[in-house]
Number of protein chains: 2
Amino acid sequence: MEIKDATLALAALGQATRLSVFRLLVEAGPEGRMAGDIADALSLPGATLSFHLKELSAAGLIQGEQRGRFICYRADFETMNELITFLTRNCCGGQPDAACLPATKKVAEKATKRARA
Amino acid sequence: MEIKDATLALAALGQATRLSVFRLLVEAGPEGRMAGDIADALSLPGATLSFHLKELSAAGLIQGEQRGRFICYRADFETMNELITFLTRNCCGGQPDAACLPATKKVAEKATKRARA
DNA sequence: CTTTTATTTCCATTTCTCTAGAATATTAGA
DNA sequence: TCTAATATTCTAGAGAAATGGAAATAAAAG
């Protein structure tokens, strides 16, 4: 992930309504939730939710899939993991001893394994 | 970390200039870097950098310390880890099998250990 | 093909954010 | 104390983002 993509994703998450939507989808897992369901859960007007879903999609953080006349949205966990990797990458100049971000090593390992698989 | 703090931190990072500044400090590690040094590295006018440093400070992502007539800024790794924990918390309803966010388990463990220490 | 339901796009309004020059503060050294 | 160096606050203008009602679109059911 490049800085441009990371900025886009972080800006998308740096907004209260969108962060709530995203967290809802992270907790929902791979099954996701219907748009209207999300609107109900967060008491959002359709137009407002739609605007935010679009932003999250553009940032690659969620994906929507038509299901009958509903649309099912899911969190994109791969993007999320890339984002975390980006944020913690080369922490403290890459010296493992410094270990300022405990996530760094483990997350990086996992990401590498997944990329190879 | 609460949603309000997470939003603040993510909004702070969701801006190209600030993300660059923060990444610079993450890579610098606990030693940090002087404000002027950062301005040079990123070719930023003083007023602009100062504005962004203030935002990052307000979000708890960095801290400044006076050193002679310089000010040394460092990344706040604890906040960063809390943020990652927040984002990945209760992924997929907390079912470990789902494992959509590999970071979840490891990061959460580490964060808990540190909090107890 | 018409209606119902789900969601999105359009649009105008309001609000917040970014930028950087100029002025101000703070510290150290001569 | 006076000056140079470093960094912050003030300020205003330009631009971007958020909101939500109304209209449009898309899909399925009758």
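Here is the naming used below: chain letters follow the sequence lines, and residue numbers restart at 1 for every chain. Computed from a predicted model, the values in this text were never measured in an experiment. Heavy-atom basis, side chains included; hydrogens, waters and symmetry copies ignored.
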Members of residues 58-67 of chain A that approach DNA chain C, where some heavy atom sits under 4.0 Å away | none
Is B:Arg74 salt-bridged to B:Glu31, cutoff N-O under 4.0 Å?
-> no
Cationic tip of A:Arg33 above A:Phe70 ring, under 6.0 Å, 45° of axis | no
Quick check: does any side chain N or O of [X] sit under 3.5 Å from a backbone N or O of [Y], one acting as donor and the other as acceptor?
| X | Y | result |
| --- | --- | --- |
| A:Arg18 | A:Leu13 | no |
| A:Thr48 | A:Leu44 | no |
| A:Gln66 | A:Gly68 | yes |

Check whether any side-chain heavy atom of A:Val26 sits under 4.5 Å from a side-chain heavy atom of B:Thr88, and report yes or no.
-> no
Group every Ile, Leu, Val, Met, Phe, Trp and Tyr by side-chain heavy-atom contacts under 4.5 Å, then state whether A:Ile84 and A:Leu19 land in the same group.
-> yes
What about B:Met80 and B:Leu24, same hydrophobic cluster or not, with Ile/Leu/Val/Met/Phe/Trp/Tyr joined at side-chain heavy-atom distances under 4.5 Å?
-> yes
Rounded distance (nearest 0.5 Å) linking atom CD of B:Gln63 with atom OG1 of B:Thr79 = 7.0 Å
Flag if over 12 foreign heavy atoms under 6.0 Å of CD, A:Glu2 = no
Annotated protein contacts, base or backbone, on nucleotides 7-18 of chain C with a non-hydrogen cut-off under 4.0 Å, one of B, S, - each = SBB--------S
Terminal contacting nucleotides, 5' and 3', DNA chain D versus chain B (heavy atom, 4.0 Å) | D:dA4 to D:dT9
